[in-house]
Amino acid sequence: MFVYRRENLPKDPVFPADLGGLGYLITDNDQIRKISDPTQEFQYKINRNPRWNDVQREAMNECIRNIVLARLRDLGLDHLRLPLFATAGEAHVPVMVSKNLSTASHIVVVFGEPIQDLGIWAYRSVGCDGINTGSLVSFAKAVLRQGHADDGNDMPNTALVLANTGQLVWHCASGRAITQTHWQHLPRPSAVNPAPEMSHRNTIPGHESWKQHIDRVFEDILSARGRRVRPDARISVVGVSEGGLGAVQYLAANWCSWRPFISAICLANPLHLAKFEFRSANKDMAVSDPSSFAAFIASRCRGYVLSEHPLGMPVEPMLEHGCNCYASGEELNSECIMPRAWKHVLGWLNQAFADQNYAETKLEIRHIDGDALEVVEEEASQDEEGS
């Protein structure tokens, strides 16, 4: 039997959270490429041992997080700690809110995927398409410039709230919230040691899960009318996968109090099932009770799904969501839907906000001649051009 002493165990790999130190640079196209060959993207596999590959990738992700958060701050977004009034040294989740939150008449709130870091749509898109595209930087720029005199439009002042459904693990040593993935890649005594065990000290009060975090964003930020937001502010919700599911479930359970304040909902990769979330057949409820949440979903909500069809084309949803669904321009990865479709999403949210009587046309997708699709409008409405 062989017994290894601790000093004989392989050392845990260490990589600097520095682009240059990792051998990469940012090109003029805002893409991360190798210094030695600017045509080459990030190389994940550098060793036969997965631990080396994962730790290197986490170091790269740390670089990207630092760049993205700095750019978001430059746009006027500030960190807000939840639970409210938590000190910097206490367990908390950081979210980002724009400086005009208390004065804006329109608020766009984004609930992302629980696997992503704050401010990131998809690291995959960051690497392929560019930092601003794969993160929320481009989206935030478009939202926050609305209502400016030099923008040439009549949209009102719009604020932005970025929830943080991913970083819900408190890392005591560094005094910050991190994702489950980041936790697995923290430094270890050796390369063969398991990840550190979690305890109650790693939980964040009121934010033990992504669903609880979504609830607290509604309760602690968006419901603070007259304090954190304007009493008459109307809210557009953007939800990605589980982020959208949590928002739909919260609003379904609290619709009576939120109905006057929600402008529209847009879901990337919607996960909810109408027959479960609305506790009855969605179509029947939407018709019998126009004030119900089911009716709102049918008229002022839309989903964007994986599809081989062009962006904005009506498609059949994979599940019964109770709302029209459209092609996202992305075929393979659900995390890449928003980097492809956010301009379409924001344009529709603005259209719905500008017209309080706006309602989605109810669409029926029929198969004709094999794979061909025919889109039939069941009733007249004012849907956006190109849909």
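Everything numeric here is computed off the predicted structure, so don't read it as measured data.
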Specify the closest pair of heavy atoms between A233 and A104, including all atoms of both residues, with the distance to one decimal.
CB-O, 3.7 Å
Distance check, rounded to the nearest 0.5 Å: D78 atom CG versus L101 atom CG?
10.5 Å
If every non-hydrogen atom of G303 is compared with every non-hydrogen atom of C323, which pair is closest and at what distance?
N-SG, 4.0 Å
Give a yes or no on whether the backbone of A86 and the side-chain of R81 come within a donor-acceptor separation of less than 3.5 Å.
yes
In terms of the angle between their ring planes, are W255 and F296 parallel, tilted or perpendicular, with boundaries placed at 30° and 60°?
tilted
Are S263 and H106 linked by a side-chain donor-acceptor pair shorter than 3.5 Å?
no
Where do I64 and I120 land on the side chain to side chain contact (heavy atoms under 4.5 Å, CB included) test, with the steps shown first?
CA-CA 9 Å; I64 294 170; I120 303 293; 4.0 Å; yes
In terms of relative ring orientation, are F139 and W342 parallel, tilted or perpendicular, with 30° and 60° separating the classes?
perpendicular
Do L160 and V97 pass the side chain to side chain contact (heavy atoms under 4.5 Å, CB included) test, and can you show the C-alpha distance, the side-chain angles, and the key distance before you say yes or no?
CA-CA 6 Å; L160 181 61; V97 300; over 6 Å; no
Find out if a path of hydrophobic residues (ILVMFWY) with successive side-chain heavy-atom gaps under 4.5 Å connects I26 to V137.
yes
Is there a side-chain contact between V240 and N269 (heavy atoms, below 4.5 Å)?
no
Taking ring pair (Phe, Tyr, Trp, His ring centres under 6.0 Å) as the cut-off, I'd like each qualifying pair that reaches into residues 31-86, sequence neighbours left out, listed once.
Y24-F42
Please check if the side chain of N350 supplies one atom and the backbone of G347 the other of a donor-acceptor pair under 3.5 Å.
no
Check whether any side-chain N or O of T165 sits under 3.5 Å from a backbone N or O of G243 as a donor-acceptor pair, and report yes or no.
no
Note: Q184 and R188 closest approach over all heavy atoms is O-NH2, 2.6 Å
On the 0 to 90° scale, with breaks at 30° and 60°, tag the W258-F218 ring pair as parallel, tilted or perpendicular.
perpendicular
Partners meeting side chain to side chain donor-acceptor pair (under 3.5 Å) with S328 (sequence neighbours left out)
none
Would you say E113's side chain and Q116's backbone share a donor-acceptor pair under 3.5 angstrom?
no
Check: F111 ring centroid to W210 ring centroid under 6.0 Å:
no
Taking Q56 for its side chain and Q43 for its backbone only, find out whether a donor-acceptor pair lies under 3.5 Å.
yes
Can any side-chain N or O of Q351 pair as donor or acceptor with the backbone N or O of L349 at less than 3.5 Å?
no
Separation between CD of E58 and CG of N53, rounded to the nearest 0.5 Å
13.5 Å
S307 versus E331: any side-chain heavy-atom pair under 4.5 Å?
no
Would you say the side-chain atoms of N100 and N157 include a donor-acceptor pair closer than 3.5 Å?
yes
Side-chain heavy atoms of R65 within contact of M60, under 4.5 Å
no
Please give me the minimum heavy-atom distance between I204 and L82, naming the atom from each residue.
CG2-O, 4.2 Å
Could you check if a side-chain atom of I115 sits within less than 4.5 angstrom of a side-chain atom of E335, using non-hydrogen atoms only?
yes
By the rule that ILVMFWY residues connect when side-chain heavy atoms come within less than 4.5 angstrom, directly or transitively, which residues belong alongside L332?
none
Just checking, is any N or O donor in the side chain of T27 or N29 under 3.5 Å from an acceptor N or O on the other one?
no
Does anything in residues 215-225 pair up under side-chain hydrogen bond (donor to acceptor under 3.5 Å, both in side chains), and if so which pairs, sequence neighbours excluded?
R216-D220, E219-Y250
Looking at side-chain heavy atoms only, is the closest gap between C336 and W121 below 4.5 Å?
no
Shortest non-hydrogen pair, A341 vs Y304, comes out as CB-CD2, 4.3 Å
Does any part of the side chain of H207, heavy atoms only, come nearer than 4.5 Å to the side chain of Q212, both counted from C-beta?
no
Which residue in the set L118, L80, V217, N164 passes side-chain contact (heavy atoms from CB on, under 4.5 Å) when paired with V93?
N164
Would you sort out whether I131 and T133 count as a side chain to side chain contact (heavy atoms under 4.5 Å, CB included), showing the intermediate values?
CA-CA 5 Å; I131 298 174; T133 301; over 6 Å; no
If only side-chain N and O atoms count, and only distance matters, is there a donor-acceptor pair under 3.5 Å linking H200 with T203?
no
Among residues at least two apart in sequence or on other chains, which ones pass ring pair (Phe, Tyr, Trp, His ring centres under 6.0 Å) with W170?
H92
I need the minimum non-hydrogen distance between L75 and A140, along with the two atoms involved.
CD1-CB, 3.9 Å
Does the distance from a Lys or Arg side-chain N to an Asp or Glu carboxylate O, for R300 and E360, drop under 4.0 Å?
no
Sequence-distant partners of T103, side chain to side chain donor-acceptor pair (under 3.5 Å), two or more places apart
none
Less than 4.5 Å apart, any side-chain heavy atom of S102 and any of V229?
no
Partners passing salt bridge (charged side-chain N to carboxylate O under 4.0 Å, His left out) against R71 (at least two apart in sequence or in another chain):
D30
Is it true that the NZ or CZ of R259 lies under 6.0 Å from the centre of F293's six-membered ring and within 45 degrees of the ring axis?
no
Less than 4.0 angstrom from a charged side-chain N to a carboxylate O is my criterion; do D129 and R124 meet it?
no
Side chain to side chain donor-acceptor pair (under 3.5 Å) against N61, all qualifying residues, sequence neighbours excluded:
none
Spacing of SG belonging to C325 relative to CG belonging to L306, to within rounding of 0.5 Å:
11.0 Å
Taking the side chain as C-beta and beyond, is there a heavy-atom pair between R228 and L84 under 4.5 Å?
yes
Residue pairs, two or more places apart or on separate chains, that pass salt bridge (charged side-chain N to carboxylate O under 4.0 Å, His left out) and touch residues 233-257:
none
Show your reasoning for whether side chain to side chain contact (heavy atoms under 4.5 Å, CB included) applies to V237 and L267.
CA-CA 8 Å; V237 176; L267 304 172; 5.7 Å; no
Do L22 and I46 sit in the same hydrophobic cluster, where Ile, Leu, Val, Met, Phe, Trp and Tyr count as joined when their side-chain heavy atoms come under 4.5 Å apart?
yes
Set of residues satisfying side chain to side chain donor-acceptor pair (under 3.5 Å) with respect to R57, sequence neighbours excluded:
D54
Ignoring hydrogens and geometry, is there a side-chain-to-backbone donor-acceptor pair from S190 to D12 under 3.5 Å?
no
Apart from M198 itself, what residues make up its hydrophobic cluster, given side-chain heavy atom links below 4.5 Å?
V169, I178, W183, L186
Hydrophobic clustering (ILVMFWY, side-chain heavy atoms < 4.5 Å, transitive) - are I35 and I67 grouped together?
no
I'd like to know if the side chain of Q40 and the backbone of R33 have a donor-acceptor N/O pair within less than 3.5 Å.
no
Which value, rounded to the nearest 0.5 Å, describes the distance between S125 atom OG and N333 atom CG?
8.0 Å
With sequence neighbours excluded, residues passing side-chain contact (heavy atoms from CB on, under 4.5 Å) with T87:
E90
